[in-house]
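Below is one structure, written out as structure tokens; the observations come after it.
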Amino acid sequence: MSGSLKGKAAIIATGSVKPERKMPGRSGLGVAAEAAINAMKDAALSQNDIDGLITQVTGETPTALAEYLGMRPTWSSGVAMEGASGAASVTMAAMAINAGLAQTVLCVIGGLAPGGDMATDSSPLHRPQFDNPFGPASGATGYYALIANRYKHEYGVTDAQRAQVAVQQRFNAQANPNAIFYGASISVDDVVNSRMISNPLRLLECVMPTGGAEAVIVTSADRAKDANNKPVYLLGAGMAVDRSTLVNATSLTTSPVAISAAKAFDMAELKPTDISMVSLYDCYTITVLISLEDAGFVPKGEAGAFVESTDITYKGSLPINTHGGQLSYGQPQVGGGMSHVTESVRQMQGLAGDRQVENLDYCFVNG
Amino acid sequence: MTDEYNLPIPTITTEAKPFWDGLANNELLIPKCNDCGHMFMYPKAYCPNNGCFSSNLDWEKVSGVGKLFSYTIVHRAADVHFQEIASQGPYIFALVELKEGPKLITNLINADVNNVEVGMSVGIIFEKINEDITLPKFQPL
Ligand SMILES: [Zn+2]
């Protein structure tokens, strides 16, 4: 296939910072640097071994992080795909490597927890002008609530079905000491009785914003052979951008994942039934259900029934979000999306500890 | 709203000013392309219809009638003053699809929160905040 990145690059290391609500005395750059250093230590590489840098650190530039780390990359880029930045950064790294522009690329995403509750989109064209006068719910909850109610209208899903996503991911987090909700199991009853935020979404269906950062190191397939860890090869990648606001969404109930996943499977020459483990962006419970369908794992409209009748924990038949997902691991800013990448790599490397999934062939990650 | 209005008011951009001026005159004006007829939100300087590129745009006065595309009953608001309202009784944050096609984020008012349905017919209510600002809200028809 022309333009294919299949097998051209591999992730050889990961680095994470344990998500926390408050990180007194720390800076966003400092937290991102910690994740980057953890990844370099994991790969037994130093700054001078790395010639490419892709970052999104809230409010900071890639050059600022390079300087903070004492790094002088000869190829660099920011990435601004919101929750998809993690998966996108890996794709971009593979592109740069495949084009011969870089050999080994560090991807780092994260920052400190947001200060307040106010919607953070600063573009005056959108929220401050057209949404905020009508009182959206805290964070992005109001928008995903609109999605959830529309989904309920078109396909039907019960509160208890959505709750399964939160409950089973929380089970996974009990095997992840870095998860913010480690040591705090929940039941379906807990979820459907938790405080209503913006109907139908309740507190335990909403992501917990934290500080933190996640990093990976990507290198060429050739160089990956010499890596000190098991390389995890990128076999397929796809992107799709649909909209910034719901007003112009093609659909509220079919996401751009329908396009990006199909492109990724196409490049990899694989199909959903080949996949042993799934890591889906999960700012809210409803997001997991829609992505599960759009990526092709479950027919449209059936994800609610699927998660109710299927063990989706790390012990189950289709493990989903084995680190707990952002719902239970925490959402370290846009680094939350990258946590799906770092977790999947550790699983593929056999380094996932108590929550290790056995017999992994291929893993699917989205953002 | 007899007291000082303390909820967020729109930060009006140059491209969108005629939209807000229209509302101040109790008219809902939606951008329309004079070349291809496409109507769209949000206001912008160029027609977003594929391949049109036109800057020959106008403002079309529309009916203010549409359907409730989706809604959510807000219990925990982002804004502190909206939260004061929500704590007295939840309100409805809504996405309305106008008869003419474009969608708007708005509030559904004069509605029973226990009796709201996706797809219900709604019509505009002009809620005057001050001389410059009138908010487009909707109520069940
Ligand atoms: Zn046009």
Side-chain angles (χ1 to χ4, degrees), chain A residues 114-156 194-206 209 243-253 284 286, chain B residues 5 7-17 19-20 40-44 48 68-86 90-98 102-109 113 116-120 127 129 133-138:
Chain A
D117 246 349
M118 199 59 198
T120 49
D121 185 343
S122 60
S123 161
L125 182 57
H126 296 301
R127 286 188 186 176
Q129 183 165 208
F130 294 107
D131 295 7
N132 292 352
F134 305 102
S138 53
T141 312
Y143 305 99
Y144 282 92
L146 292 174
I147 289 171
N149 270 336
R150 182 74 197 184
Y151 183 93
K152 203 168 169 177
H153 170 75
E154 288 183 21
Y155 301 109
S194 64
R195 188 157 59 91
M196 187 65 87
I197 303 296
S198 196
N199 124 302
L201 298 178
R202 293 175 181 274
L203 181 66
L204 293 178
E205 298 185 70
C206 303
R243 77 283 177 158
S244 172
T245 71
L246 294 190
V247 163
N248 287 304
T250 305
S251 163
L252 257 52
T253 54
Y284 298 89
I286 185 67
Chain B
Y5 190 79
L7 301 174
I9 58 168
T11 51
I12 296 174
T13 56
T14 312
E15 289 173 351
K17 189 165 184 304
F19 174 80
W20 295 106
F40 54 90
M41 278 297 278
Y42 299 103
K44 52 202 84 171
L68 186 66
F69 195 80
S70 194
Y71 71 97
T72 176
I73 303 162
V74 180
H75 294 250
R76 181 71 183 86
D79 177 76
V80 60
H81 298 295
F82 265 111
Q83 183 53 32
E84 284 167 16
I85 294 174
Y91 59 92
I92 302 167
F93 184 74
L95 183 62
V96 163
E97 184 175 35
L98 297 172
K103 298 192 187 85
L104 294 175
I105 289 285
T106 184
N107 293 129
L108 187 69
I109 60 171
V113 293
V116 180
E117 277 180 35
V118 171
M120 70 197 293
E127 191 176 290
I129 305 303
I133 308 273
T134 294
L135 296 179
K137 299 199 171 178
F138 285 79

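Below, read A as the first sequence line, B as the second, and so on, with proteins coming before strands; counting in each chain starts at 1.
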(message) Can you tell me which residue among A:Leu201, A:Ile147, A:Asn199 is in a side chain to side chain contact (heavy atoms under 4.5 Å, CB included) with B:Thr72?
(response) A:Asn199
Which value, rounded to the nearest 0.5 Å, describes the distance between [X] atom [atom1] and [Y] atom [atom2]?
| X | Y | atom1 | atom2 | result |
| --- | --- | --- | --- | --- |
| B:Met41 | A:Thr245 | CE | OG1 | 9.5 Å |
| B:Lys17 | A:Gln129 | NZ | CD | 11.5 Å |
| A:Leu252 | B:Lys103 | CG | NZ | 7.0 Å |
| A:Thr141 | B:Phe93 | OG1 | CZ | 11.0 Å |
| A:Ile197 | B:Ile73 | CD1 | CD1 | 14.0 Å |
| A:Arg127 | B:Thr11 | CZ | OG1 | 13.0 Å |

Checking heavy atoms, do the side chain of [X], its backbone, both or neither come under 4.5 Å from chain A?
| X | value |
| --- | --- |
| B:Ala86 | neither |
| B:Pro136 | both |
| B:Tyr91 | side chain |
| B:Ile12 | both |

(message) Please classify the contact of A:Asn248 with chain B as side chain, backbone, both or neither, using a heavy-atom distance under 4.5 Å.
(response) side chain
Of the non-hydrogen atoms in [X] and [Y], which two are nearest, and what is the gap between them?
| X | Y | result |
| --- | --- | --- |
| B:Asn107 | A:Pro133 | OD1-O, 4.4 Å |
| A:Asn149 | B:Tyr71 | ND2-O, 2.7 Å |
| B:Phe82 | A:Asn132 | CE1-O, 3.5 Å |

(request) For A:Leu246 and B:Phe69, run side chain to side chain contact (heavy atoms under 4.5 Å, CB included): C-alpha distance rounded to whole Å, both residues' side-chain angles, the deciding distance at 0.1 Å, then the answer. (result) CA-CA 11 Å; A:Leu246 294 190; B:Phe69 195 80; over 6 Å; no
(message) I need the residue from B:Pro102, B:Ser70, B:Pro90, B:Gly119 with the largest number of non-hydrogen atom pairs under 4.5 Å to chain A.
(response) B:Ser70
(request) Assign the ring pair B:Trp20 / A:Phe130 to parallel, tilted or perpendicular, where the plane angle (0 to 90°) is split at 30° and 60°. (result) parallel
(message) Assess the residue pair A:Val247 and B:Leu95 against the criterion (side chain to side chain contact (heavy atoms under 4.5 Å, CB included)); give the C-alpha distance rounded to whole Å, side-chain angles, the decisive distance to 0.1 Å, and a yes or no.
(response) CA-CA 7 Å; A:Val247 163; B:Leu95 183 62; 4.0 Å; yes
(message) Looking only at heavy atoms and a cut-off of under 4.5 Å, which of A:Gly135, A:Ala148, A:Ala145 has the most pairs with chain B?
(response) A:Gly135
